Amino acid sequence: MTNQRRKQCGAIDCKRAFNADRMRKWNRAYKDEHGMWPHHRYGEGQRARERRRRQEKGHWRTLYPERAAAYDARRRALVEQSQTAESFAPIVVHTRDEWTCKLCHQSIDPSIAWPDPMSASVDHIVPLSRGGTHSMANVQSAHLGCNSSKGDREMTDVVMRFGRAG
């Protein structure tokens, strides 16, 4: 150490020790001046603030009853649909479609694993969010990338957008 006024040499361990010692001194001085360190009251204040906000504004279900009814209807439909859904393995869909992506009409390599965009995935022709069913008649093979780009659109929307025939 060439500079006599420096408090540490610059090594990482020296810096850590210096900063830790400095924080301990600051904490002691704060506690001596203010009493107890206030961190133990943080969660209690947050909970009280949330209770006050709820009392002032109310719950979202009471503020927007039409949204709550729509949410409940969607949820009921999804639960009902999941109870009547057909169960099948993705491999059955891929063998039925001869390992061909029905969106881009290229072959799917079974050895490529998720999350590769060229890996195999099962696509719903009419998306579940639009009232489609989880059945063999409503699914087709697709690359993961093609399926992701299709999103929740129906096949007719995709054909019009990309110019592909299904």
Side-chain angles (χ1 to χ4, degrees), residues 10-16 19-20 23 37-166:
I12 191 71
D13 292 332
C14 220
K15 284 182 180 180
R16 276 194 197 117
N19 286 334
M23 285 305 296
W37 184 253
H39 65 80
H40 69 281
R41 293 191 306 249
Y42 179 76
E44 178 184 314
Q46 289 293 100
R47 285 188 293 274
R49 181 178 165 273
E50 180 62 23
R51 278 194 299 270
R52 281 194 310 273
R53 189 194 66 77
R54 263 278 163 88
Q55 287 174 352
E56 291 170 8
K57 293 188 176 182
H59 197 270
W60 72 272
R61 286 185 165 276
T62 57
L63 292 173
Y64 308 104
E66 62 282 347
R67 276 194 190 166
Y71 173 82
D72 291 341
R74 274 195 311 273
R75 184 71 188 149
R76 276 193 307 274
L78 287 174
V79 168
E80 183 179 310
Q81 179 180 335
S82 69
Q83 292 170 350
T84 61
E86 185 179 334
S87 77
F88 52 85
I91 191 86
V92 175
V93 177
H94 299 309
T95 53
R96 179 196 71 185
D97 293 341
E98 298 174 351
W99 291 92
T100 303
C101 177
K102 297 298 180 180
L103 299 175
C104 70
H105 303 293
Q106 294 179 0
S107 63
I108 299 172
D109 186 3
S111 64
I112 298 176
W114 182 89
D116 192 288
M118 296 303 284
S119 65
S121 72
V122 175
D123 171 49
H124 290 88
I125 299 167
V126 178
L128 297 176
S129 63
R130 293 201 178 182
T133 60
H134 185 67
S135 64
M136 285 292 287
N138 191 40
V139 294
Q140 62 187 0
S141 294
H143 290 115
L144 182 63
C146 297
N147 196 1
S148 296
S149 66
K150 177 188 168 216
D152 68 342
R153 293 185 293 271
E154 293 186 27
M155 280 300 295
T156 55
D157 299 338
V158 174
V159 169
M160 289 172 64
R161 183 170 179 218
F162 296 115
R164 298 179 185 147

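Being a predicted model, the structure only gives us computed values, none of them experimental.
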If I take atom OH from residue Y64 and atom OG1 from residue T62, how far apart are they, to the nearest 0.5 angstrom?
9.5 Å
Is any side-chain heavy atom of P117 closer than 4.5 Å to a side-chain heavy atom of L144?
no
Taking all atoms of both residues into account, what is the closest heavy-atom pair of A120 and W99, and its distance?
CB-CZ3, 4.0 Å
Surrounding CZ of R67 (heavy atoms of other residues, nucleotides or ligands, distance under 6.0 Å), is the total greater than 12?
no
Of all the heavy-atom pairs spanning H143 and C104, show the shortest one and how long it is.
ND1-SG, 3.4 Å
So OG of S135 and NE2 of H124: to nearest 0.5 Å the spacing works out to 8.0 Å
Spacing of NE2 belonging to H94 relative to CZ belonging to R96, to within rounding of 0.5 Å
10.0 Å
Give a yes or no on this: more than 12 heavy atoms of other residues, nucleotides or ligands lie within 6.0 Å of atom CD of E98.
no
Please round to the nearest 0.5 Å and tell me the distance separating atom OG of S149 and atom CG of L103.
7.0 Å
With a 4.5 Å cut-off on side-chain heavy atoms, are I108 and S141 touching?
yes
After noting the C-alpha distance and the side-chain angles of K102 and D97, does the key distance pass the side chain to side chain contact (heavy atoms under 4.5 Å, CB included) rule?
CA-CA 8 Å; K102 297 298 180 180; D97 293 341; 3.7 Å; yes
Of the non-hydrogen atoms in I125 and A137, which two are nearest, and what is the gap between them?
CD1-O, 4.0 Å
Looking only at heavy atoms, which two atoms of V139 and V93 are closest? And how far apart?
CG2-CG2, 3.7 Å
Check D123 with K150, please: is the shortest side-chain N to carboxylate O separation under 4.0 Å?
yes
Under the 3.5 angstrom rule, does the side chain of S148 hit a backbone N or O of G145 as a donor-acceptor pair?
no
Looking only at heavy atoms, the pair that brings A142 and N147 closest together is CB-CB, 4.3 Å
Gap separating the CZ atom of R47 from the CZ atom of R51, nearest 0.5 angstrom
7.5 Å
Is the closest side-chain heavy-atom distance between Q140 and V122 below 4.5 Å?
no
Let me confirm one number: the NZ-CZ distance from K57 to R52, rounded to the nearest 0.5 Å.
13.0 Å
Output yes when a side-chain donor or acceptor of N138 lies under 3.5 Å from a complementary backbone atom of V126, and no otherwise.
yes
Is a salt bridge present between R61 and D72, judged by a nitrogen-to-oxygen distance below 4.0 Å?
yes
Check R53 with E56, please: is the shortest side-chain N to carboxylate O separation under 4.0 Å?
no
